[in-house]
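Right, one structure below, let's go through it.
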Amino acid sequence: MDYEQEWPEFEEPAAQEQEEAVTPTANAMYELAERLKALRDEKKKAEDYLKEVTADKDQTEKQLFDLMIQTETENFTRKGTRFSVTIKTRASAKAGCKEDLFAALRSHGYGDLVYETVNANSLTSLVKELKEANEQEVPKWIADVVNLYDQSSVSVTKSTRKS
């Protein structure tokens, strides 16, 4: 894959001709809708490209690491860039042992590493359920302790209807 090529420039899609008379407001809406669709498509292409580059980079890094270990090369410099073998130890809780880990950390004086968190999507779902069960009102007990905001967007889906 040639990563040196430049990402193609965004091109405005040609406006589809409408058979009926279009008001200036409707025309502006159609133009923005077409631009939004084109930008979403372009973003998807860029994300797919980034996934490819990341996978290629990861594979190349592993191959270089393995070769450097095999040849016992700790580091080298090539064209002004230094390449060094590094090994970092990472830690995470064993499956099903999270609460035991928290207890062990607290009992040995490392409780400040432990903190509780609430998943934002789960909290949003709970608030939505509470609103539905309470005539679209958020109960005071939770309204006092959460920030609520509306996130506006335009849904873009394939249509079976031709326009």
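By convention here, the first residue in the shown sequence is residue 1.
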CZ of Arg106 to CG of Leu101, rounded to nearest 0.5 Å, is 9.5 Å
message = Check this for me: does any side-chain nitrogen of one of Lys62 and Asp58 sit under 4.0 Å from a carboxylate oxygen of the other?
response = no
Hey, does Val146 have a side-chain heavy atom less than 4.5 Å from the side chain of Leu148? yes
Quiz item: Less than 4.5 Å apart, any side-chain heavy atom of Met68 and any of Phe76?
Solution: yes
Looking at Glu47 and Lys43, is there a salt bridge between them, counting it only when a charged N and a carboxylate O are closer than 4.0 Å? yes
Note to self: For a quick check under 3.5 Å, do Asn27 and Glu31 share a side-chain donor-acceptor pair by atom type?
What the structure shows: yes
### Message
Whether Lys57 and Glu61 form a salt bridge (side-chain N of Lys/Arg under 4.0 Å from carboxylate O of Asp/Glu) is what I want to check.
### Response
yes
Discussion item. Taking Gly80's backbone N and O only, do any of them form a donor-acceptor pair with Thr77's side chain (distance below 3.5 Å, no angle check)?
Written reply: no
Note to self: Salt bridge check, Lys140 against Asp144: does any charged N sit closer than 4.0 Å to a carboxylate O?
What the structure shows: yes
**Prompt:** Between Lys128 and Glu132, does a side-chain contact (heavy atoms from CB on, under 4.5 Å) hold up when you go through it step by step?
**Reply:** CA-CA 6 Å; Lys128 183 178 176 183; Glu132 289 171 359; 3.5 Å; yes
Same apolar cluster (I L V M F W Y, side chains within < 4.5 Å links), Leu67/Phe83 | no
Please assess Val85 against Ile69 for the test side-chain contact (heavy atoms from CB on, under 4.5 Å), listing each intermediate value before the final yes or no.
CA-CA 8 Å; Val85 170; Ile69 293 296; 3.8 Å; yes
request  = Show the numbers, then the answer: is there a side-chain contact (heavy atoms from CB on, under 4.5 Å) between Ile87 and Phe65?
outcome  = CA-CA 10 Å; Ile87 298 173; Phe65 178 88; 4.1 Å; yes
Gln63, CD: over 12 other non-hydrogen atoms inside 6.0 angstrom: yes
**Prompt:** Does the side chain of Leu130 come within less than 4.5 Å of Val138's, by heavy atoms?
**Reply:** no
CD of Glu42 to CZ of Arg35, rounded to nearest 0.5 Å, is 10.5 Å
Original post:
Same cluster or not: are Trp141 and Val118 linked, directly or through other Ile, Leu, Val, Met, Phe, Trp or Tyr residues, by side-chain heavy atoms under 4.5 angstrom apart?
Top reply: yes
Distance col, row Thr86:OG1 vs Asn75:CG, nearest 0.5 angstrom, shows 11.0 Å
When rounded to the nearest 0.5 Å, the distance separating CG of Asp112 from OH of Tyr110 is 9.5 Å
### Message
Under a 3.5 Å threshold, yes or no: a donor from one side chain and an acceptor from the other, between Thr23 and Thr25?
### Response
no
Problem - In one Ile/Leu/Val/Met/Phe/Trp/Tyr side-chain cluster, 4.5 Å: Val127, Val145 - result: yes
When rounded to the nearest 0.5 Å, the distance separating CD1 of Ile142 from CG of Asn134 is 11.5 Å
